[in-house]
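What follows is a single structure, written as structure tokens, with notes after it.
Bear in mind the structure is a predicted one, so any value in this text is a computation, not a measurement. Here, residue 1 is the first one in the sequence, and each next residue gets the next number. Note that ligands are numbered from 1 as they come in the structure, with each ligand's atoms numbered from 1 the same way.
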Amino acid sequence: MGMKVVWHRYDLRLRDNKALSEAGKQAVPVYIFDPKWLEHDLVSDSRIEFVLECLIDINRQYRSKGSRISLFYGNPIQILGNLKYEGYEIYFNKDANHFRREMEEKARKKFKGFSGDGVVRNKEGTRRKWKSSAEKYINSKPPELPDSFEDNTLDSRIKLDEIRERHDLKPEKKKFGEGGSREAGKRLQKFLDNIEKYPSSISSPLKAEKNTSHLSPYIRYGCISRRQAYRHAKWRARNSNQAEKLKMFTDRLLWHLNFSQKVEDNPELHKQSVNPVFRDLNKENIDRKKIEAWKKGKTGYPMVDASMRALVQTGWINFRMRAMCATFFSYILEQWWKEGADFFYKHLIDADVSINYYQWQMHSGTVGVHKHRIYNPVKQIRDNDPEGKFIKKYLPELRALSAKQIVKPWEMTEEEQKRTGVEIGKNYPAPVVNHKNKAKKARKFFKAKKAEAYAAFRDDEVWRKASLSPRHDREKILEKASNQKSLNDY
Ligand SMILES: Cc1cc2nc3c(=O)[nH]c(=O)nc-3n(C[C@H](O)[C@H](O)[C@H](O)COP(=O)(O)OP(=O)(O)OC[C@H]3O[C@@H](n4cnc5c(N)ncnc54)[C@H](O)[C@@H]3O)c2cc1C
């Protein structure tokens, strides 16, 4: 039997790996550093470093089973083509959750791709019965893994240190953890041991730093599969009085699967808005000053600023802060959603094309079917950081402020400003826009566009690419389009 190259990409693990299990003992594990990825504007050095850590870990796993991973450098399709020519079969797990759809299609044509991740890949009607098939997948047993592998005789063509040197890597983020399956497993255990704190920690940025799982980068690079995490949490829930809390976690793993389906169905997800009605919304309305203020955490709204600085410094923020910063960028600063989404994608260690770009569209109103939630950064302090601890962690210039002052620093009297040393407009900015007015304007705009936005789903192509989860009924959306016609005159 011939040797089978297993091309690892976003599946940097041995267990629950369909391509690897199919290859069996003859598996020859390979990872290819694609210079186009290493040099991509939206890939941070810290994210690359995370992947290098994952590779050290997967190599350790292979060594314990008599093999190792071979590292290559160059165009993956060409390198794999050459290996095929030399007589290797090429196995890989299909995954369209990246910017290189063309490469994915080529790989699917030329090599042997497997679907072992719960995503449906038949062209027609992928969303019909999707929920039951996703649930069936995530509850099912992962494939068997051989006890050992045959020796890998393919020499590595590059070392990790050469990657660091050649690409002048300077990872600057204070990441929440090292890459790799071992660390993912530890995190999962620690998180599940602590599950009682999860529900009350999800929305608070500081509590979330401690008490959510932080599995997202590990899931992104496949150090652990969603199914592994899901099944383990379900197993724990069987004899636990924390079943409801564990369900909040397993539900989220299923949501993640829903997003992966979207990018499979819509290769343009990261490029253009799902709904054509909003395709060019704010695209030309570029205000560099506002954009820079947002990116640098200098908008004058402490919760937005602390979150943006946390994102840049650590490569992670919790869901609520991601949502708040996105709505602030799109609805309040009235900037094009994609510029904000790209900035997130660059800085997140867990940067996931499907979730990031779709969540951005949802939180910018450009899908046209989701509720408009415009998070108020003042309310978010009151609800989720009442003592200003998170803010003070990332905005040292506001450390002298009291819990009351930090909510609206711009309302401090001159005397308060002198006493605290926080002078608005000098060492901390005045609000870059008036949140209340802008939120009102955005609500009015989207209300007026509602009927048009719903009606866009008459187009089969728009409907298919939206890849909405089964709870969205097309007939009902179109019915709403007709009922709301008068709103167009609003
Ligand atoms: C604008 C925006 C951009 C986002 N971009 C990304 C991204 O690029 N990558 C990413 O993994 N998540 C993204 N999310 C979703 C969510 O914020 C993160 O998954 C979560 O904060 C990761 O932290 P955790 O692993 O501790 O989450 P936990 O609360 O411990 O959740 C466990 C896992 O469930 C999944 N999950 C949790 N929340 C969601 C969600 N809302 N949608 C889909 N899956 C979810 C993730 O895999 C996560 O690791 C984004 C959310 C928003 C609003």
Exercise for review: Going by heavy-atom distance to atom 35 (C) of ligand 1, choose the closest among Arg220, Arg252, Met362.
Suggested key: Arg252
Check your understanding: So His167 and Tyr73, would you call those rings parallel, tilted or perpendicular, with 30° and 60° as cut-offs?
Key -> tilted
Practice item. Considering only non-hydrogen protein atoms, determine which one is nearest to atom 7 (C) of ligand 1 and report residue, atom name and distance to 0.1 Å. Key: Asp350 OD1, 3.4 Å
Review point. Any salt bridge between Asp16 and Arg227, counting N to O under 4.0 Å?
Key: yes
**Study point:** Pairs touching residues 266-281 that satisfy side-chain hydrogen bond (donor to acceptor under 3.5 Å, both in side chains), sequence neighbours left out
**Key:** Glu268-Lys465
Practice item. Identify, for atom 46 (C) of ligand 1, the protein heavy atom at the shortest distance, and state residue, atom and that distance. Key: His256 ND1, 3.9 Å
**Study point:** Closest heavy-atom pair and its distance - Leu269, Gln361
**Key:** O-NE2, 3.1 Å
Exercise for review: If you have a sec, work out which protein heavy atom is nearest atom 21 (O) of ligand 1 and how many Å separate them, to one decimal?
Suggested key: Phe319 N, 3.6 Å
Practice item. Provide the number and element of each atom of ligand 1 under 4.0 Å from a heavy atom of Ala351. Key: 8 (O)
Review point. Does Leu348 come within less than 4.0 Å of ligand 1, judged by its heavy atoms?
Key: yes
Review point. In the protein, which heavy atom is nearest to atom 39 (C) of ligand 1, and how far is it?
Key: Trp255 CE3, 4.0 Å
Review point. Would Tyr428 and Trp410 count as a side chain to side chain contact (heavy atoms under 4.5 Å, CB included) if you check the C-alpha gap in whole Å, the side-chain angles of each, and the deciding distance to 0.1 Å?
Key: CA-CA 9 Å; Tyr428 187 70; Trp410 59 90; over 6 Å; no
Review point. Checking side chain to side chain donor-acceptor pair (under 3.5 Å) for the pair Gln261/Trp130: CA distance, chi angles, key distance, verdict?
Key: CA-CA 9 Å; Gln261 186 65 53; Trp130 184 85; 2.9 Å; yes
Check your understanding: Which residue and non-hydrogen atom of the protein lie closest to atom 42 (N) of ligand 1, and at what distance in Å?
Key -> Phe259 CE1, 3.5 Å
Practice item. Using a strict 4.0 Å cut-off to heavy atoms of Trp360, name the atoms of ligand 1 that fall inside it. Key: 1 (C)
Check your understanding: When only distance counts, is His363 in polar contact with ligand 1, meaning an N/O pair under 3.5 Å?
Key -> no
Revision key, fill the gap. Within 4.0 Å of some non-hydrogen atom of Phe249, the atoms of ligand 1 are 32 (C)
Exercise for review: For atom 13 (C) of ligand 1, state which one of Gln359, His214, Arg322, Gln361 supplies the nearest heavy atom.
Suggested key: Arg322
Check your understanding: Looking at Ile219, which atoms of ligand 1 are within less than 4.0 Å of one of its heavy atoms?
Key -> 47 (O), 49 (O)
Exercise for review: Search all heavy atoms of Tyr31 against all heavy atoms of His8 and return the closest pair with its distance.
Suggested key: CD1-O, 3.3 Å
Study note, to complete from the structure: Checking heavy atoms under 4.0 Å, the part of Thr212 that sits near ligand 1 is both
Practice item. Inspect the contact between Arg100 and Glu105 and indicate whether a charged nitrogen and a carboxylate oxygen are less than 4.0 angstrom apart. Key: no
Check your understanding: Please state which protein non-hydrogen atom is closest to atom 33 (C) of ligand 1 and give its distance, to 0.1 Å?
Key -> Leu253 CD2, 3.9 Å
Review point. Trp316 near ligand 1, heavy-atom distance under 4.0 Å?
Key: yes
Point to revise | Worked check of salt bridge (charged side-chain N to carboxylate O under 4.0 Å, His left out) between Lys438 and Glu334 | key: CA-CA 8 Å; Lys438 293 289 185 184; Glu334 299 169 290; 2.8 Å; yes
**Study point:** Residues Lys175, Glu49: salt bridge by 4.0 Å N-O rule
**Key:** no
Point to revise | Salt-bridge present (Asp342, Lys338; N to O < 4.0 Å) | key: yes
Exercise for review: Closest by any non-hydrogen atom to atom 48 (C) of ligand 1: pick that one out of Ser216, Ala341, Ala323, Ser201.
Suggested key: Ser216
Review point. Of the protein's non-hydrogen atoms, which lies at the shortest distance from atom 8 (O) of ligand 1, and what is that distance?
Key: Asp352 N, 2.9 Å
**Study point:** Residues that Arg15 engages under side-chain hydrogen bond (donor to acceptor under 3.5 Å, both in side chains), provided they are two or more places apart
**Key:** none
Practice item. Return the residue, atom name and 0.1 Å-rounded distance of the protein heavy atom closest to atom 30 (O) of ligand 1. Key: Ser213 OG, 2.6 Å
Review point. Under 3.5 Å between some N or O of ligand 1 and some N or O of Tyr198?
Key: yes
**Study point:** Proximity winner for atom 10 (C) of ligand 1, if only heavy atoms of Asn356, Val353, Ile355 are counted
**Key:** Ile355
Review point. Can you find an N or O of Leu215 that's nearer than 3.5 Å to an N or O of ligand 1?
Key: yes
Practice item. Measure the acute angle between the ring planes of Tyr218 and Phe50, then classify it against the limits of 30° and 60° as parallel, tilted or perpendicular. Key: perpendicular
